[in-house]
Amino acid sequence: MAKIKAIRGMNDILPDQTPVWQYVESTVRKVLGQYGYQEIRMPIVEQTELFKRSIGEVTDIVEKEMYTFEDRNGDSLTLRPEGTAGCVRAAEEHGLLFNQTRRLWYTGPMFRHERPQKGRYRQFHQIGVECFGMAGPDIDAELLILTARLWSALGLTGHARLEINSIGTSESRKVYREALVAYLQQYKDRLDEDSQRRLETNPLRILDSKDPATREVLVNAPVLDDYLDEESRNHFSQLKALLDAAGVAYTVNPALVRGLDYYGKTVFEWITDSLGAQGTICAGGRYDGLVQQLGGKPTDAVGFAMGIERLILLLETLELVPDYVNNQADIYVTAMGDIATAPALALAEDLRTAMPSAVVVGHCGGGSFKSQMKKADRSGARYAVILGENEIRNQTAGLKPLRDDQPQREVPQAELAAELAKLV
RNA sequence: GUGGACGUAGCUCAGCUGGUAGAGCUCAGGAUUGUGACUCCUGCGGUCGAGGGUUCGAACCCCUUCGUCCACCCCA
């Protein structure tokens, strides 16, 4: 019988991995909380139509990467490939957007049927942040300042660079797209294969082609900046001024376009060079038209998503995960022989009551005393508490430091908690 | 979807021109009646990813398939 294995590209996150996940999630939670952002939780499955209408019919995501299936009643449902669409749907559906401003965030798994590689999986996890009802560049700036603070909290400052661009309103972008396509059509045979295809699918993507011949053609191509409407241009220059004032470094990348149709005006990416091909750890932009497009009232909006796997990969590559994150135990309580089992359980409970934040691991499962000490060592605990016949007779416990050369002491059981509280 | 590399013990990997499976780590026990980390000894542990073919004989050669990794595409 062949063993059943996990689905390709969908990974188990094992016990030695969960501490760093919790570390990242709690850090993000803390920083977002500082800015007054509220958490929202949406279903993982939505009507397929939601993603088609928001992400765009001709994007790769919708065309070939969605996990779409029929519900038992015949409805077409899809495992969410990203969070913005569902967030907008939920917020609109429950009246969270009308005549008010909102700062929301969420986290959870997303699903895209792509070929897995480093930093890219079929089930992956994002932390998404979405802001509604704020038209000005101040909220764009707040989001970027917030991410900069998050990098600082994680020790990542200097390891990711910020690229920004303005792709204008959908109207001005449409005019530009036509001009670009018209220009490139003249040199179609000089473009690389991928870019020829992109002429039909996603012309703006050709701008960051790596092919030398294509790059040569692009030298004289129309520039998006020349086609920007006045409002987008002002918005962008104000944003740059706000970032300058806040001390957030950035570079303007005119070739930066986003893959999802709903973006307009501000777009940005935080990129690292330490992860190979999948170097974008955080990306987003403004999507003022989406709420209306999904049937709501016109509502300005801006947001971004971070890839948690990529963030963790980066932290581990740079060895930035603090040691305390992986420490499993503070105190390990041994029990020598059957006679010590009940007293050891009771003593460990006393310790937990007296030191609520300490991790007190009690030995279970028998084994020689030697092996118990070995496990105490492996647990990472700073102190071993030793309970055997002698200690029980004397109402004491052995207190043995495991991380320095201090000698072992005999402490009355009644005083042990107070004694350890001083040390841990 | 395309290209390349790779699948051998729980983990990291050796295994020569084809001759019948190895090491280190981990784990258990011992040297040390009740004391971890260092050392030494012993032991547990494998359908060599799966299926087929060639051969007296395949972990090794051939085909198919599944999976992993990296890159392209695309994206977090």
Side-chain angles (χ1 to χ4, degrees), chain A residues 1-9 11 14 16 55 58-65 81-84 107-129 160 192-195 197-198 201-202 205 208-211 257-260 268-272 275-284 303-314 332 334-337 339-340 363 365-392 398-405 407-408 410:
Chain A
M1 254 269 262
K3 272 188 196 164
I4 295 175
K5 302 208 288 188
I7 305 300
R8 178 174 206 188
N11 301 310
L14 300 175
D16 65 342
I55 298 169
V58 295
T59 57
D60 275 20
I61 292 178
V62 168
E63 276 187 336
K64 47 193 186 192
E65 294 177 359
E82 57 104 45
T84 301
T107 184
M110 309 292 165
F111 302 84
R112 293 181 199 171
H113 191 105
E114 300 179 274
R115 187 89 162 249
Q117 71 184 73
K118 184 175 185 178
R120 189 169 75 188
Y121 311 100
R122 288 184 173 179
Q123 173 175 332
F124 60 104
H125 298 77
Q126 288 187 334
I127 293 158
V129 177
D192 62 282
E193 205 179 312
D194 281 328
S195 293
R197 179 177 50 77
R198 284 185 285 217
T201 57
N202 196 350
R205 274 273 159 203
D208 56 10
S209 168
K210 290 152 199 152
D211 183 76
V257 296
R258 312 257 40 256
L260 285 52
F268 56 84
E269 286 187 15
W270 287 93
I271 302 165
T272 174
L275 288 185
Q278 259 59 47
T280 301
I281 54 172
C282 173
F304 66 78
M306 288 181 292
I308 302 183
E309 282 86 351
R310 290 183 186 179
L311 222 40
I312 287 173
L313 222 42
L314 182 59
Y332 195 97
T334 65
M336 232 180 304
I339 192 173
H363 181 85
S368 66
F369 181 55
K370 188 189 179 75
S371 74
Q372 294 194 28
M373 286 305 294
K374 211 168 189 168
K375 288 200 167 91
D377 184 43
R378 293 287 158 86
S379 75
R382 287 168 60 198
Y383 295 93
V385 170
I386 293 162
L387 265 194
E389 264 182 66
N390 298 340
E391 286 79 5
I392 288 166
L399 175 53
K400 174 159 182 159
L402 296 173
R403 306 299 155 202
D404 57 43
D405 287 331
Q408 178 175 335
E410 289 299 308

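Residue numbering restarts at 1 for every chain, and letters A, B, ... go by the order of the sequence lines.
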G3(B): pairing nucleotide in any strand, Watson-Crick or G-U under 3.5 angstrom: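 Its partner is C70(B) (Watson-Crick or G-U wobble, both distances under 3.5 Å).
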Only pairs with both distances under 3.5 Å count, Watson-Crick or wobble alike; so what is the partner of G43(B) in this structure?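 Here G43(B) is engaged in a pair, and the nucleotide opposite it is C27(B).
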Inter-nucleotide P distance (G43(B), C25(B)), Å rounded: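 After rounding to an integer number of Å, I get 15 Å for this pair.
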Euclidean distance for P, U55(B) against U8(B) (whole angstrom):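 One P to the other, the span is 29 Å.
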Please tabulate the protein-to-nucleotide N/O contacts below 3.5 Å involving nucleotides 24-27 of chain B, giving atom names and distances.
from   : atom 1 : to        : atom 2 : distance (Å)
U26(B) : O3'    : Arg378(A) : NH1    : 3.3
C27(B) : OP1    : Arg378(A) : NH1    : 2.4
C27(B) : OP2    : Arg378(A) : NH1    : 2.6

Distance-only donor-acceptor test, Lys370(A) side-chain atoms vs U35(B) base atoms, 3.5 Å: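 Between U35(B) and Lys370(A), which were checked side chain against base, a qualifying N/O pair under 3.5 Å is absent.
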Is a donor-acceptor contact shorter than 3.5 angstrom present between the side chain of Gln372(A) and the base of G34(B)?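 Checked by distance alone, the answer is no.
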Under 4.0 Å between a side-chain nitrogen and a carboxylate oxygen: does that hold for Arg205(A) and Asp60(A)?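 Looking at Asp60(A) together with Arg205(A), the answer is no, because their closest N to O distance does not fall below 4.0 Å.
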Whether Glu269(A) and Arg258(A) form a salt bridge (side-chain N of Lys/Arg under 4.0 Å from carboxylate O of Asp/Glu) is what I want to check.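 A salt bridge links Arg258(A) with Glu269(A).
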Side-chain contact test, heavy atoms from C-beta onward, threshold under 4.5 Å: evaluate it for Gln278(A) versus Gln117(A) and give yes or no.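 Yes - at least one pair of side-chain heavy atoms lies under 4.5 Å apart.
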Close side-chain approach of Arg112(A) and Pro81(A), heavy atoms under 4.5 Å: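 Yes. Closest side-chain heavy atoms under 4.5 Å.
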Give the B/S/- string for nucleotides 64-76 of chain B, one per nucleotide from 5' to 3', where a protein heavy atom under 4.0 Å of the base yields B, of only the sugar-phosphate yields S, and otherwise -. ----S-SBBBBBB
Could you tell me whether the side chain of Arg198(A) and the main chain of Ser209(A) form a donor-acceptor pair under 3.5 Å?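 Side chain of Arg198(A) to backbone of Ser209(A), a donor-acceptor pair under 3.5 Å: no, none is there.
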Under a 3.5 Å distance rule, please check whether Arg310(A) uses its side chain to pair with a backbone N or O of Thr280(A) as donor and acceptor.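 Pair found, side chain donor or acceptor close to backbone of Thr280(A).
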Send over the distance from Glu391(A) CD to U35(B) P, rounded to a whole Å.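 Spelled out: CD on Glu391(A) to P on U35(B) is 12 Å.
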Which heavy atom of Phe304(A) sits nearest a heavy atom of Cys282(A), and at what distance?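 Phe304(A) and Cys282(A) have their closest heavy atoms at CD1-SG, 3.5 Å.
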Using the closest heavy atom to pick a nucleotide of RNA chain B for each, name whichever of Asp377(A) or Ser368(A) lands nearer the 5' end.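 That would be Ser368(A).
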Kindly indicate, with the supporting measurements, whether the criterion side chain to side chain contact (heavy atoms under 4.5 Å, CB included) is fulfilled by Gln408(A) and Ile386(A). CA-CA 10 Å; Gln408(A) 178 175 335; Ile386(A) 293 162; 3.6 Å; yes
